[in-house]
Engineer: 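A single structure is presented below for examination.
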Amino acid sequence: MDALLEQPGDGAAGPVEIGIEGDFRVCAQSAIRQSGQWHFHRRFELHLVGESAGSLIVGDHRDQYAEGDLVLIGPGLPHAWHLHPQQSETAARHIQVHFSETLLRSGNQLAPDLLGLEAFMEGARAGLAFGGKTRQQAAEMMHQLLDAQGCKRLAIFYLLLDLLAGCSQSTRLVSAAYPRVASSGISPRIKSVMDYLCRHYSEPVIQDRIAEEFGMSAGHLCRRFKKETGVGFVEFINHLRVQKSCELLANSGLPITQICFEVGFRNISNFNRRFVALKKMTPSAYRCSYRADSSSR
């Protein structure tokens, strides 16, 4: 996992790990403390937004957040909450529930009925946002968690997970091509290839050499990669490079041309074309919109 959490170059800091003690924690924190830091946890994080607004980045997903929003973020998935400056004096507390996979496995052993949550939690590794009546009911239960103690708190927690697992209005956050989210449907060999690409994305990619290193022909590698990940080999590399460029555009002042070459593109026109295809805007527009989000309201 550590290798998959690296970021490129010296212009942007990599995500900081914020350790969470224990297998289960419920807390309320000021939105001010949440603002700006690109970080990850090795626990699942269920996060209910208080009376505040800003922009949220989870992996390659970026959107606005507002009071009442509810998201579930998987272990190791980098994210950052950017609070709008004008709200920094009055921002209300966010409620967070952090829980480990160990806790879920222990629950499965005690109550086999909880095995039905496994598929839901696997999908949650990519991040989920919840809507509709489920979000409202879940928000009420999270407030109850703050006041509950002992077995009652744990009982509410499992009821909360069961509620979210049945939500018909949940939205995946990161894209299918995002390389930092593990999937049980991907074989160890292809995961190793993805890991390799995450470390060497900025270098010239020679399919024959990579395929030989992993004991496959170039054709077999491309077919198997597409079948297991759902995206083509070259498409995955382009997506990875564009995502790395987004991190640099948002978190550094490097010139766009320098970012282009730093992430592995060999000319600016190809970089612009690939960026627009994936993000529906130019790199300069992306940087401007990010800064506008951070300074608005």
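Both backbone and side-chain heavy atoms feed into the values below; hydrogens, waters and symmetry mates do not.
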Engineer: For the residue pair His47 and Trp81, does the interplanar ring angle fall in the parallel (under 30°), tilted (30 to 60°) or perpendicular (over 60°) class?
Structural biologist: parallel
Engineer: Quick one: are Ile210 and Ile206 in side-chain contact, heavy atoms under 4.5 Å?
Structural biologist: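 Sidechains of Ile206 and Ile210: no contact.
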Engineer: Are Tyr286 and Val276 connected in the hydrophobic side-chain network, where two residues link if heavy atoms are under 4.5 Å apart?
Structural biologist: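 No.
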Engineer: Got Pro75 and Phe44 here, is their nearest side-chain heavy-atom distance under 4.5 Å?
Structural biologist: yes
Engineer: Nearest 0.5 Å please: distance from the CD atom of Glu101 over to the CE atom of Met121.
Structural biologist: 8.0 Å
Engineer: Considering all heavy atoms of both residues, which atom of Lys279 and which atom of Cys246 are nearest to each other, and what is their separation?
Structural biologist: CE-SG, 3.5 Å
Engineer: Check Ile259 against Ser245 and note the closest heavy-atom contact, atom names and distance.
Structural biologist: CG2-CB, 3.7 Å
Engineer: Atom CZ of Phe24 and atom OG1 of Thr102: how far apart are they, to the nearest 0.5 Å?
Structural biologist: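 Rounded to the nearest 0.5 Å, the CZ-OG1 separation comes to 14.0 Å.
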Engineer: Has the side chain of Arg287 got a donor or acceptor atom that lies under 3.5 Å from a matching backbone atom of Leu249?
Structural biologist: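 Side chain of Arg287 to backbone of Leu249: a pair is present.
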Engineer: Just wondering, do Phe236 and Val193 contact through their side chains at under 4.5 Å, heavy atoms?
Structural biologist: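 Not touching, per the 4.5 Å side-chain cut-off.
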Engineer: Quick one: does Phe225's side chain get under 4.5 Å of Gln207's, heavy atoms only?
Structural biologist: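 No; the side chains remain at least 4.5 Å from each other.
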Engineer: For Arg241 and Asn238, test the side chains for any donor-to-acceptor distance below 3.5 angstrom and give the result as yes or no.
Structural biologist: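 No donor-acceptor contact under 3.5 Å links the two side chains.
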Engineer: Counting distance only, does the side-chain N/O of Asn272 pair as donor-acceptor with the main-chain N or O of Ile268 below 3.5 Å?
Structural biologist: yes
Engineer: Quick one: do Phe214 and Leu221 end up in the same hydrophobic cluster if we chain Ile, Leu, Val, Met, Phe, Trp and Tyr together by side-chain heavy atoms under 4.5 Å apart?
Structural biologist: yes
Engineer: Considering non-hydrogen atoms only, spot the tightest contact between Leu48 and His143 and give its length.
Structural biologist: CD2-NE2, 4.0 Å
Engineer: Rounded to the nearest 0.5 Å, what's the gap from CE on Met141 to CD on Gln137? Could you check?
Structural biologist: 8.5 Å
Engineer: Using only atom types and a distance under 3.5 Å, with no angle test, would you say the side chain of Arg209 pairs donor to acceptor with the backbone of Ala211?
Structural biologist: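 Not a single qualifying donor-acceptor pair exists.
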Engineer: Can you measure from CG (Leu197) to OG (Ser192) and round to the nearest 0.5 angstrom?
Structural biologist: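 Interatomic distance, Leu197 CG to Ser192 OG, rounded to 0.5 Å: 11.0 Å.
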Engineer: Looking only at atom types and distance, does a side-chain atom of Arg25 sit under 3.5 Å from a main-chain N or O of Asp23, one as donor and one as acceptor?
Structural biologist: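 No; zero donor-acceptor contacts below 3.5 Å.
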Engineer: Please tell me whether Tyr196 and Val205 are part of a single hydrophobic cluster in this structure, the criterion being side-chain heavy atoms less than 4.5 Å apart.
Structural biologist: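 Tyr196 and Val205: one cluster.
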Engineer: Checking the side chain of His79 only, and the main-chain atoms of Leu77 only, is there a donor and an acceptor separated by less than 3.5 Å?
Structural biologist: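 Such a contact is found between His79 side chain and Leu77 backbone.
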Engineer: Between Leu173 and His61, which heavy-atom pair has the shortest distance, and what is it?
Structural biologist: O-CB, 3.2 Å
Engineer: Hey, could you give me the CZ/NE2 distance between Arg223 and His220, rounded to the nearest 0.5 Å?
Structural biologist: 7.0 Å
Engineer: Is any side-chain heavy atom of Asp63 less than 4.5 Å from a side-chain heavy atom of Leu56?
Structural biologist: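 Of all side-chain heavy-atom pairs linking Leu56 with Asp63, none is under 4.5 Å.
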Engineer: Does atom CD of Glu213 have more than 12 heavy-atom neighbours from other groups under 6.0 Å away?
Structural biologist: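 Yes, because the 6.0 Å sphere around CD of Glu213 holds more than 12 heavy atoms from other groups.
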Engineer: Would you say the side chain of Leu164 lies within less than 4.5 Å of the side chain of Ser170, judging by non-hydrogen atoms?
Structural biologist: no
Engineer: Show the numbers, then the answer: is there a side-chain contact (heavy atoms from CB on, under 4.5 Å) between Gln169 and Thr134?
Structural biologist: CA-CA 8 Å; Gln169 293 179 276; Thr134 298; over 6 Å; no
Engineer: Would a hydrophobic clustering, with Ile, Leu, Val, Met, Phe, Trp and Tyr connected at side-chain separations under 4.5 Å, put Leu248 with Met281?
Structural biologist: yes
Engineer: Walk me through it: do Leu161 and Phe157 pass the test side-chain contact (heavy atoms from CB on, under 4.5 Å)?
Structural biologist: CA-CA 6 Å; Leu161 287 187; Phe157 167 70; 3.5 Å; yes
Engineer: Side-chain heavy atoms under 4.5 angstrom apart, residues restricted to Ile, Leu, Val, Met, Phe, Trp, Tyr: same cluster for Leu146 and Leu154?
Structural biologist: yes
Engineer: Nearest 0.5 angstrom please: His94 NE2 to Glu67 CD, how far?
Structural biologist: 9.5 Å
Engineer: Just wondering, do Met216 and Cys222 contact through their side chains at under 4.5 Å, heavy atoms?
Structural biologist: no
Engineer: Of all the heavy-atom pairs spanning Leu46 and Met142, show the shortest one and how long it is.
Structural biologist: O-CE, 3.7 Å
Engineer: Is there a side-chain contact between Lys244 and Leu240, using heavy atoms and a 4.5 Å cut-off?
Structural biologist: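 When only atoms from C-beta onward are counted, Leu240 and Lys244 do touch, with a gap below 4.5 Å.
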Engineer: Please name the pair of heavy atoms, one in Tyr65 and one in Ser52, separated by the smallest distance, quoted to 0.1 Å.
Structural biologist: CE1-OG, 3.8 Å
